[in-house]
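To keep things clear, I will list the structure first and then write my remarks on it.
Keep in mind that the numbers below use all heavy atoms, side chains included, and drop hydrogens, waters and symmetry copies. Along the sequence shown, residues carry numbers from 1. Just so you know, ligand 1 is whichever comes first in the structure, and atom 1 is the first atom listed for that ligand.
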Amino acid sequence: MHQYLLFSPEVAAARSAGKPIVALESTIISHGMPYPQNVTMAQEVEHVIRAAGAVPATIAIIEGKICIGLVAEQLELLATSPDAMKVSRRDLPYVLSQGRLGATTVAATMICAQLAGIHVFVTGGIGGVHRGAETSFDISADLQELARTNVAVVCAGVKSILDIGLTLEYLETHGVPVISVGQPAFPAFFTRDSGFKADFQLDSALEQASFIQTKWQLGLNGGIVVSNPVPEAFAMQKEEIDGITEQALQEARDGGVAGKLVTPFLLARIKTLTEGRSLMTNIALVKHNAQVGAELAVAMRNLPGLQPL
Ligand code: PSU
Ligand code: MN
């Protein structure tokens, strides 16, 4: 076992019993949502995964260890600590060697999940190519990670704070397949249709699992994006979210917000500008993704031939 990994009792037991495990990120808790909704969301998402027959493993960096699975006090700590660092690939050695508290992004969670032998990871939205990236060079490290690390990421697509078309181009260049669930369209997080199509529509967990297994059996390293639209009842109006997104982007430009602060800034502004409605949508879509991800993990566990943990 890797020297930096520390499994929670629940995840350790799941590993011994050969149960399906689903990884969850922690930046969404510390930098993606306000307290106390963040900790409630984290608990509810874990509950959805257990109810669907898998075991949740929320991942974070605590006291020099990569914690795979968090107990209630650790979830609360991440949800309430303003000094929790947002940790992507670049930041992992710093936060571990300094013993700092770290919340993992999609990229860092993929790295940790792979170290722990977990194949399925559920989140809300992935990072991507930012609008104006031709001058800012702001492209999330999540995309590079999807190009190289063998973890399937279940998400609700990417937010329109990003350039969705360029994000999909980037993924295509790097050979990252984008699957959609239940519809041909690639979803845009708060809304169900980004105006772009996913590469392949695969509705059942069994088809998704068999696609993923085939990719890795071919030696084609890298992740898979499984994009699952927000449930209809919780989707936002495109016109409303587009206007608010423009305003938040303008404020970020005016304020000179750059680097890793951009995404948390935009998420917080959108929440305020929608008077919290975006937060309800965000929570609903993560729970929906948890259901799809847990079913996928169960299906992958039942396929013959996938590497055991
Ligand atoms: N998008 C969301 N919510 C989030 C994030 C993205 O809708 O919480 C977080 C994820 O942890 C993602 C990270 O990996 O932001 C991307 O940040 P950046 O753009 O700085 O790479
Ligand atoms: Mn960035």
Subset of ligand 1 atoms that lie under 4.0 Å from at least one heavy atom of [X]:
{"X": "Thr263", "result": "6 (C), 15 (O), 17 (O), 18 (P), 19 (O), 20 (O)"}
{"X": "Lys86", "result": "17 (O), 18 (P), 20 (O)"}
{"X": "His130", "result": "19 (O)"}
{"X": "Phe189", "result": "7 (O)"}

Exercise. Of Ile21, Val22, Val106, Val154, which is the lone residue that meets side chain to side chain contact (heavy atoms under 4.5 Å, CB included) with Phe121?
Worked result: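 For Phe121, the side chain to side chain contact (heavy atoms under 4.5 Å, CB included) test succeeds with only one of Ile21, Val22, Val106, Val154, which is Val106.
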Exercise. Under the criterion side chain to side chain contact (heavy atoms under 4.5 Å, CB included), which of Asp242, Val230, Thr245, Thr281 is the partner of Phe190?
Worked result: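 One option only clears the test, and that one is Thr281.
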Exercise. What's the spacing between Asn150 CG and His119 NE2 if we round to 0.5 Å?
Worked result: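 Rounded to the nearest 0.5 Å, the CG-NE2 separation comes to 9.0 Å.
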Between [X] and [Y], is any side-chain donor less than 3.5 angstrom from a side-chain acceptor?
{"X": "Gln217", "Y": "Thr214", "value": "no"}
{"X": "Glu46", "Y": "Thr58", "value": "yes"}
{"X": "Gln291", "Y": "Asn289", "value": "no"}

Which heavy atom of the protein is the closest neighbour of [atom], given with residue, atom name and distance?
{"atom": "atom 3 (N) of ligand 1", "value": "Leu267 CD1, 3.5 Å"}
{"atom": "atom 9 (C) of ligand 1", "value": "Thr27 CG2, 4.1 Å"}
{"atom": "atom 6 (C) of ligand 1", "value": "Gly125 O, 3.6 Å"}
{"atom": "atom 11 (O) of ligand 1", "value": "Glu25 OE1, 2.6 Å"}

Tell me whether [X] has any N or O atom under 3.5 angstrom from an N or O of ligand 1.
{"X": "Asp142", "result": "yes"}
{"X": "Thr104", "result": "no"}
{"X": "Gly259", "result": "no"}
{"X": "Ser140", "result": "yes"}

Problem set entry | Under-4.0 Å heavy-atom contact with ligand 1, by part of Val158 that carries it |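 Neither; no heavy atom under 4.0 Å.
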Say whether [X] and [Y] are linked into one hydrophobic cluster, either directly or through other cluster members, by side-chain heavy-atom distances under 4.5 angstrom.
{"X": "Val158", "Y": "Leu267", "result": "no"}
{"X": "Leu6", "Y": "Leu92", "result": "no"}
{"X": "Phe211", "Y": "Leu220", "result": "no"}

Exercise. Is there a heavy atom in Met33 that sits closer than 4.0 Å to ligand 1?
Worked result: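 Flag not set, Met33 not near ligand 1.
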Problem set entry | Best match, Lys159, Lys260, His31: closest heavy atom to atom 2 (C) of ligand 1 |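 Comparing heavy atoms across Lys159, Lys260, His31, the nearest one to atom 2 (C) of ligand 1 lies in Lys159.
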Exercise. Quick one: does NZ or CZ of Arg100 land under 6.0 Å from the six-membered ring centre of Tyr94, within 45 degrees of the ring axis?
Worked result: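 That pair does not qualify as a cation-pi contact.
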Exercise. Closest N/O/S atom of Asp138 to the Mn ion (ligand 2), by atom name?
Worked result: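 Among the N, O or S atoms of Asp138, the one closest to the Mn ion (ligand 2) is OD1.
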